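The structure under discussion appears below in the form of structure tokens.
What you see is a predicted model, and the numbers here were worked out from it, not measured in a lab.
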Amino acid sequence: MRPDEHAPDEPVDDEPLTETTRPDERFTLASERTFLAWIRTSLGLMVAGIALIHVVPEFANETIRSLIGGLLVVLAGTAAAAGLSRWHVVERALRTGSDMPGSKHLVALTTVVVLVSAIAVIAIIADALSA
């Protein structure tokens, strides 16, 4: 191998992109759309959390509302950060030809959403039984 060549798994981030190393624009734009979907999800979670705390006073008690709403807002920030992180990894993979990232962020996000849903269901049942 010549000194100016790279092994297939070696990053080439510091080299200028050429026609042969530049990723197809369709993949780059798809990656950006996916990132924007993460941001939309994050904004939806944030709005839901804030609304639960401030707009729905008849749901459960203040402690439960604050807990669920706070979890949703934290999850919103986490989803935005995960989306940005994933976008960077995908962009690097497109440029270098390395493997695409796994779905660990998706599993974590789903797990927390299921947890928040379980807490909400318990709160709804507790409200119904106390009424």
Side-chain angles (χ1 to χ4, degrees):
M1 188 181 319
R2 296 186 335 228
D4 61 335
E5 291 180 339
H6 292 280
D9 57 340
E10 228 177 284
V12 291
D13 285 342
D14 56 343
E15 292 183 5
L17 294 177
T18 65
E19 282 301 313
T20 58
T21 60
R22 188 173 133 174
D24 187 330
E25 287 84 5
R26 292 173 293 177
F27 298 121
T28 302
L29 293 172
S31 176
E32 289 175 9
R33 285 190 302 272
T34 302
F35 169 68
L36 292 174
W38 280 89
I39 296 300
R40 283 190 305 273
T41 299
S42 176
L43 290 171
L45 290 166
M46 186 180 311
V47 167
I50 293 169
L52 184 61
I53 294 170
H54 295 289
V55 180
V56 191
E58 56 279 339
F59 177 74
N61 61 41
E62 185 177 353
T63 304
I64 297 296
R65 277 195 318 272
S66 296
L67 173 68
I68 295 172
L71 283 172
L72 289 171
V73 172
V74 168
L75 185 59
T78 304
L84 181 62
S85 169
R86 186 173 175 86
W87 177 76
H88 280 295
V89 172
V90 167
E91 285 296 308
R92 189 176 313 116
L94 287 173
R95 283 188 186 5
T96 64
S98 59
D99 291 336
M100 288 296 195
S103 57
K104 65 181 177 183
H105 292 120
L106 301 176
V107 172
L109 181 68
T110 302
T111 302
V112 176
V113 168
V114 168
L115 174 68
V116 170
S117 297
I119 294 170
V121 166
I122 291 168
I124 291 168
I125 292 170
D127 268 357
L129 293 176
S130 67

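In this structure the side chain of L94 reaches within 4.5 angstrom of the side chain of M100, judged on heavy atoms. When side chains are defined from C-beta on, L71 does not count as touching V112, because their heavy atoms never get closer than 4.5 Å. The closest side-chain heavy-atom distance from T111 to L115 is not below 4.5 Å. Contact check for E58 versus V56: side-chain heavy atoms found under the 4.5 Å cut-off.
The CD1 atom of I124 lies 12.0 Å from the CD1 atom of I119; values are rounded to the nearest 0.5 Å. Here R26 contributes atom CZ and S31 contributes atom OG; the two are 14.5 Å apart, rounded to the nearest 0.5 Å. Taken to the nearest 0.5 Å, the CZ atom of R33 stands 6.0 Å off from the CG atom of L29. To the nearest 0.5 Å, the span separating CG on L67 from CD1 on I53 amounts to 9.5 Å. To the nearest 0.5 Å, atom CD1 of residue I122 and atom OG of residue S117 are 11.0 Å apart. L75 contributes atom CG, which lies 13.0 Å from atom CD1 of I68 (distance to the nearest 0.5 angstrom).
Considering all non-hydrogen atoms of both residues, G69 and L52 come closest at N-CD2, 3.7 Å. Closest approach of W38 to A79, counting heavy atoms only: CE3-O, 3.2 Å. Scanning both residues, A76 and S42, for their nearest heavy atoms gives O-OG, 2.5 Å.
By the neighbour-count criterion of 12 heavy atoms within 6.0 Å, atom CG of D99 is sparsely surrounded, having that number or fewer from other residues, nucleotides or ligands.
With hydrogens and angles ignored, the 3.5 Å screen pairs no side-chain donor or acceptor of S85 with any backbone N or O of A81. A donor-acceptor pair is defined here as one N or O able to donate and one able to accept, closer than 3.5 Å; no such pair exists between the side chain of R65 and the backbone of H54.
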Check against side chain to side chain contact (heavy atoms under 4.5 Å, CB included), T110 and V113: CA-CA 5 Å; T110 302; V113 168; 5.8 Å; no
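Tracing side-chain contacts under 4.5 Å through hydrophobic residues (I, L, V, M, F, W, Y), one never reaches W87 starting from L109; they form parts of separate clusters.
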